[in-house]
Amino acid sequence: MREEYKIIELQPERLVDTAMRLKRDLYRLVQICAVRIESGYELTYSFAKEYEFLNYRLVINEDVVVTSISGVFETAFLYENEMKDLFGVNIDLINLDYKGNLYRIEKPTPYKE
Amino acid sequence: MLEVILRGLVFIIAAPFVGGLLSGIDRKITARMQGRRGPSIFQSFYDVRKLLSKQVLIVNSLQHMLVWGFLIFVVFTGVLFFAGEDILLVIFSLTTAVMFMVMASYSVNSPFSAMGSQRELIQMMSYEPMLLISAVGFYMATGTFNIKGIMQANIPAIVYLPGVFAGFLYILTVKLGKSPFDLSNSHHAHQEMVKGITTEMSGSVFALIEIAHWYENVFLLGIVGLFIVSNQWWSWIIAGIVILITFFLEILIDNTSARVKWDVMLKTVWAITLVVGGINIFILDIIR
Amino acid sequence: MATLMRFTKTVMKNLFSKPVTTAYPAGPAKVQERTRGQVSIDIDKCVYCTLCAMRCPANAIKVDRNNKIWEIDRFGCIQCANCVNVCAKNALSMDQHYTSPAAKSVIVTYGAPKQESEKEQAENKSEK
Amino acid sequence: MSFIAFLICFPFIVAALLFLTKNDTIRRVIVILSAIAITAVALIFSISGIVNNACLEYLEDTHTIDQIMIIGELAILLLIIITSLKYKKYFVILLAITQTSLIIWFEEFGYKSHEKIVHIFSDRFTNIMCLVIAVVGCMICVYALGYMKDYHKHHKEYVDRRPMFFTLLFVFLGAMFGLVFSNNLIWMYFFWEITSVCSYLLIGYTKTNIAINNSFKALWMNLLGGLGFAIAIVYLGFNHDIVSLQQLVASHGTLIAVSLLAFAGLTKSAQMPFSGWLLGAMVAPTPTSALLHSATMVNAGVYLLLRLSPLMEGNLAGIMVSLIGGFTFFATSMIAISQSDAKKVLAYSTISNLGLITACAGGGNAETTWAGILLLIFHAVSKSLLFQSVGAVENETGSRDIEDMHGLIVRYPHLAYIMLIGICGMFLAPFGMLISKWAALKAFIDTGNMILVLLIAFGSATTMFYWTKWLAKLISVSHRSKIHPDRTESTEWFSLISHAVLVVVLCLVFPFVSMGLVEPLVTEMFELDIPVIISKGNMIIMIIMLCMIIILPVAVRILTSKTRYKKEISYMGGINTGDDRGFVDSFGDHKDMYLSNWYMNDYFGEHKIFNISLWLSSGIIIILMVLTIGGAF
Amino acid sequence: MGNRSIVPFGPQHPVLPEPIHLDLVVEDEKVVEAIPSIGFIHRGLEHIVKKKDFNDYVYVAERVCGICSFMHGMSYCEAVERVMDVDIPERAKYLRTIWCEMSRIHSHMLWLGLLADAFGFESLFYQCWRMREKILDMFEMSTGGRVIFSVNKVGGVLRDMDHEMLSNFIKQFDDMEKDIIELTNVFLEDYTVNTRLRDVGILTKEQGLELGVVGPMMRASGIAFDTRKLKYAAYEWIDVEPVVATEGDCYARTYVRIKEIFQAFDIIRQAVKQIPDGEIAIKAKGMPNGEAFVRVEQPRGEAIYYVKGNGTKFLDRFRVRTPTFANIPSLLETTKGAQLADVPILILTIDPCISCTER
Amino acid sequence: MAKLKKSPWIIHYDGSSCNGCDIEVLACLTPLYDVERFGVINTGNPKHADILLITGGINAQNKKVVEQIYQQMPEPKVVVAVGICAYNGGIFKECYNILGGVDKVIPVDIYVPGCAARPESIIDGVVQAVDLLEMKQDYFEKNGISYNKAMKNKNESNKENES
Ligand code: SF4
Ligand code: SF4
Ligand code: SF4
Ligand code: SF4
Ligand code: SF4
Ligand code: SF4
Ligand code: SF4
Ligand code: SF4
């Protein structure tokens, strides 16, 4: 027996709206995760409310600019900076933008290749 | 005059040994209280010997001068005390010494050192009234500020000054830098100040501070003794015992409390000063 | 309910009982039966299959199939025992004692050329 | 007599001259020459007075002078009325009219023993005061020459009214001399009013809104004190037929009058409910502050109190004065902790120190008075030095915030050393404060005034805190700070250096000052042999301490000449960037490290303590005044 | 800048066993602003799934952090097992549960010690760590390692604990429990300790949800959530109720962790009672293909494992969102208005494990 | 002589370890292993320290930090690299952000092996380090130049000679 959870596809434009709705419904941000795929990235935004676990999936091209949800969920800034720095995902309007210096690594965006 | 000089010399020579040994014993007892074997009781001497032999890193040369000032004034304080001079003068000299220390650690322009020196100042501000009140108490109990005179009293000062004594023990914890009041420079455990006022001191400069603390501790325990001694010879034995008990008590307190924050320190120390010390001297004034 | 010096009892108990400190290094180190110290090899059982080298997550083992040399960088081994688990010949095992600290790495070679006994070869790391 | 006349009149003449002088160079010449003249005369007069132990009294026909004074008082009244109308401060007019008419009425109708009294006199105390006023006051005038030039260079927004400014400085000096030499209370009152008005005009110098408001604050508070003074004069004249200070001191049992005069003294020395005006005085150019805080204004207050101190032993007036003094000492030293503006710290420290002097005066016995007088001397010199050095630093760096004095010792070493000496002179053992604290403590224990003992114990701790942190700030050395070119004017330097030398010398010769000057004076005042306050042995120890501090730098250099140093940047968790002034911040950029002193606004902030203290001290005053007056009937 | 100091806090700092850095802006000692910076330990270990056989990657995964290394190894295995759809033997599940809870005890004891160290209570620190050594001995007895155990594998566990060993452990726990009660009461009742913990760094329930804090941090703010209520290892057969406190301050967080120590003892007792006999591992056939999320409750709270395989022995992506990562932003909130002396305590009450945060 | 032997003070820095080694370093201080019986104090301040205990490998960000801490220690000083990570990056050596062992940035005197090095090993390492300290102290006192610097100079001149 294992925990059940959902993975829901989402358009990038709908992201902030969805985040706002979830916040209103008292969900918390659990994690954001990026995976490098051929055409670009697969981003998973996970939210939870009590034991319910929702994953919103964005499949985007490399050049798509994703709006930050750090204005909605403050904690998102860490995840977003990480994706930006390690994967090279274009994320806009992060409230605490480390500008590539979250992890000061020598090789930029090592997960991108 | 000769006697005064002699006493001073004895203090200058003997105090580091006593102080160093006390600090070694302190560390040993502390270790045993924590269930471990602990260092040798001569450890403090080993430490200082090592520090003296190491390279000295300084941030600026002013620092070194001020540290010397600290040491010299601490020794001077002790000499004045054991030579039996005026107790107010002793306190003022001590204050001057600490001021040198504060300036030494502030002069280096390092964040933790500077923070430490501000805390040291707060500590000083909190214990200073009680120190003065102790002196006042001695004067009221024995009619003199002169330490030699105080020691010649017919009745030991503690009889008149139980409250002041308690208050003094309280600030002794601050002065010895023991938990819960080891704010500016903690000997044990770690703290947010790194090494506080001594952060930027290394090698022999740091050794000077250790030595100064030995002197200071001997002097402080001397004040504890001053509460007990009278013109009876056996009072000296009791004073010795009380000093040892005090010393042990301080170690025990050190090992059974957390470091408090400065505001708690300031408030409690002042409150104790006011309540215990203040009431004591008020009553003394009335019954006199 | 806050009390001052709540810890006194424990502290006093400690003061008057024997410290728990080990005697080490004067006495022996404490080990358990399953303690994973360092990898040891029964070189006679080894068939130089290189499986252990391939599966070593830290790349501490080198096996030269042709010259029949089995070599381990003691300072590179993370004591995961993966090699022990994967070796089909059960040639490997974990000792309870561990490698001593040193200024240079200890690289131990077993097997050929000819001499079966172990030959310790302390290499300067900078030369490595 | 001619000396005294010179000291009182000459400054007024110089003032008149300066009022007409628009030329910088001429003004410079006049100021310097007259400063030299005044200082010289004061020195000759006072020192010969002290050496010969002369107590001079002058009885003379004073009718014309009295007439002049009445005219003068009316003139002052007119001035107040005109300016107050201009700025719509009607309350002040009321105060001024009340007291002036009271005095004039009294002079015309109630002045019975007119001819019999001594109008002018001088004894040791006046000599000491005269020295302080002349030496410190004149140097401030000289300092002001350079300072005001720079000041108007930096502050183009203010109208340059320097002739007016220097006029006022000299009027002030003249009034101060008059005040201390007067024996006739009405004369004293007249000079008292002049100082009030002068300070009012000086504070309003820049004519900004805040300056005007503060100047009126100073005016009404001082007028309130003046009112007390006036009532006391009238009361004394009618009930006891006393019109001179000597008579007053000789008579006992005029509690109400003493209280009223003490009240006037408290306002003038800016004690607690009336501290506001001195704080407000800060808006004026620095020489004003230096003058008000050290040699003149506030000293007039404590001078009066110390004069009265034999009358305050153990009575309600004494309790009021010592309580207010002690309380002010403690409360304002706490507030000083929370201040970072150097002038404000100095202002609070002045109030606090004067509090200690006041407490000493209120103690009403020989020992405390001895301490009070000594403290007055030390304070005047050190405080003047400090104000001037702060002013000089402000002209150099454009800021008088203590935070901006970080590492001053590297940037402006000379100014920093001067300031160090000033601060040490203020509080560090074995300097001034220490001795007074010592004597005061002892005396208050002996008289059983435990509340004051506690106030002093706590107050000395807080005093130590704010001074030390300032001291530490000055000597904080960071790498690569450079020496800056020092453009302080020569006249300023002259004054600064003389002050610094004076501070050090005073400390060194303090036993002689005490034995040769203050002890006989106190003996005279109290008509008894005062006990040994600080034994010779202890004085020697203090001198040794002082020498240790002076020798230390040299000694350490020799002691450590063999040590091998390595200079190393300070510790910042491993992320300094190159030198010890910055570090790598969370975003990977360089960030300047910055260290600030502690101010503890949440505990010692002005807003926390000031108002409470106002209420408390007003309460103390009102209750004790009511008790005094009630007790008299 | 007024009367504010700007001070670098860390990365090297005696109260921080691990490097983390804060740009502190303080007024006297009151923190006005604190911006955290991480990355001093960043290694990039998620990346080497592309270089290591997924079976051997367990050894990397358990070195995500040396404190709850067991949990990391286990969670990684659970995630891979889920992708490969293998169901491991029940005995293995129970063994994992027991080790998990032992890890929790050791981790919380360690934390209590470090907390004591941070507020300058050295003897208390020593006492905690002395107690913790007993757990480490048990670990070494059962796995052969003191901090890194290497007993997990995809498909089960590598070492068994026989009945004798388990009952011995239970007996030792019974003894320890008394001592721990005595010890933890100092945290809860001592006056000086209380001045340091009470009303420091308050995080309300709302803030907690907004900042997405997890674990004891979350439960101390009154949010009853514990991933152990979900089904992983053997937890579906075990009674466990989240320990909750409502104050949201450092005291509450200490309280929650202390109670969790006793809860862990209880869980181990349950597990030992219920543990069935049988195999401890099965052979996992094939290669992982597909993706899976696994959530587990580590000592510091909920951790998320994500594994994506592509049918080869090298995974496409492995990701771990550790509890500290979720808790760090709360520092921004809790440090504001606190004192400098509180900063180490505030950093510690999130029980940071920077190693796993930065991977 | 033997001025240092009885009072080696340490500073511990966590390079990029997994914590395993760090907690074992800390465990050395606690009652069971109690290194203070050898006079060891964990100072946490480079300016007071004689021995730098460093765990974990070097990465791009902590490189400078490690260098600076080392530089801020007074002579004589010894570096003890604890754990496999500190030796060569350990299990993380293939990670993109691991530059290698501690010797990439500062000279290491003693390596303590083990992934999680055992407390006993760390004690052994410290004991060896103390002997080295003595040696370096003598060298420093005789030649007025730190041993490490002398060695570095020698190596460099050797290299120059070779080329
Ligand atoms: S694993 Fe077995 S079959 Fe394969 S090479 Fe090794 S010994 Fe031979
Ligand atoms: S042990 Fe190392 S070299 Fe061998 S297969 Fe595994 S990762 Fe590759
Ligand atoms: S124990 Fe692990 S690290 Fe060591 S050689 Fe074997 S597989 Fe490699
Ligand atoms: S796996 Fe076993 S048999 Fe094969 S090389 Fe390694 S030790 Fe030898
Ligand atoms: S909190 Fe981190 S650094 Fe501190 S002991 Fe635990 S794992 Fe090590
Ligand atoms: S952060 Fe937490 S989950 Fe991660 S390794 Fe450390 S203790 Fe374990
Ligand atoms: S050597 Fe092992 S235990 Fe130590 S830090 Fe590296 S991975 Fe962790
Ligand atoms: S390799 Fe082992 S001993 Fe060394 S740091 Fe890592 S866990 Fe600790």
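Basis for what follows: all heavy atoms, side chains included, without hydrogens, waters or symmetry-related copies. Naming: A, B, ... by sequence-line order, numbering from 1 per chain.
In this structure, a donor-acceptor pair under 3.5 Å is present between the side chains of K473(D) and Y106(B).
What you find for E128(B) and S460(D) is that their closest heavy atoms are CG-OG, 4.5 Å. The two residues M125(B) and M600(D) make their nearest non-hydrogen contact at CE-CE, 4.0 Å. Scanning all heavy atoms of the two residues, the minimum distance from A457(D) to L132(B) falls at CA-CD1, 3.8 Å.
Contacts of Q118(B) with chain D are made by both backbone and side-chain atoms, with heavy-atom separations under 4.5 Å. In this structure, chain B has a heavy atom under 4.5 Å from the side chain of L441(D), while its backbone stays farther away. Contact annotation for I122(B): both backbone and side-chain heavy atoms come within less than 4.5 Å of a heavy atom of chain D. L454(D) touches chain B through its side chain: at least one heavy atom from C-beta onward sits under 4.5 Å away, while N, CA, C and O do not. When heavy atoms are compared at a cutoff of 4.5 Å, F145(B) approaches chain D solely by way of its side chain, counted from C-beta outward. Interface remark: I451(D) contributes backbone and side-chain atoms alike to the contact with chain B (heavy atom separation under 4.5 Å). L66(B) touches chain D through its side chain: at least one heavy atom from C-beta onward sits under 4.5 Å away, while N, CA, C and O do not.
Under a cut-off of 6.0 angstrom, the local environment of CZ in F444(D) is crowded, with over 12 non-hydrogen atoms contributed by other residues, nucleotides or ligands. Sparse packing is recorded around OH of Y417(D), with 12 or fewer heavy atoms of other residues, nucleotides or ligands lying under 6.0 Å away.
Below 30°, between 30° and 60°, or above 60°: for F604(D) and W270(B) the angle between ring planes is between 30° and 60°, a tilted geometry. Between W262(B) and W598(D), the two ring planes are tilted [angle within 30° to 60°].
Across V67(B), D263(B), T273(B), L131(B), the residue that shares the most heavy-atom pairs under 4.5 angstrom with chain D is D263(B).
Atom-to-atom distance recorded for N280(B):CG and M450(D):CE is 10.5 Å, nearest 0.5 angstrom. Here CD1 of I475(D) is found 7.5 Å from CE of M65(B). Values are rounded to the nearest 0.5 Å. Taking CG of L121(B) as the start and NZ of K469(D) as the end, the distance is 9.0 Å to the nearest 0.5 Å. Residue L471(D) holds its CG atom at 7.5 Å from CE of M99(B), rounded to the nearest 0.5 Å.
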K442(D) and Y139(B): side chain to side chain contact (heavy atoms under 4.5 Å, CB included), yes or no, with the steps? CA-CA 8 Å; K442(D) 205 163 151 181; Y139(B) 179 72; 3.7 Å; yes
Could you please spell out the steps behind the side chain to side chain contact (heavy atoms under 4.5 Å, CB included) verdict for Y603(D) and K267(B)? CA-CA 10 Å; Y603(D) 293 85; K267(B) 277 182 213 156; 3.5 Å; yes
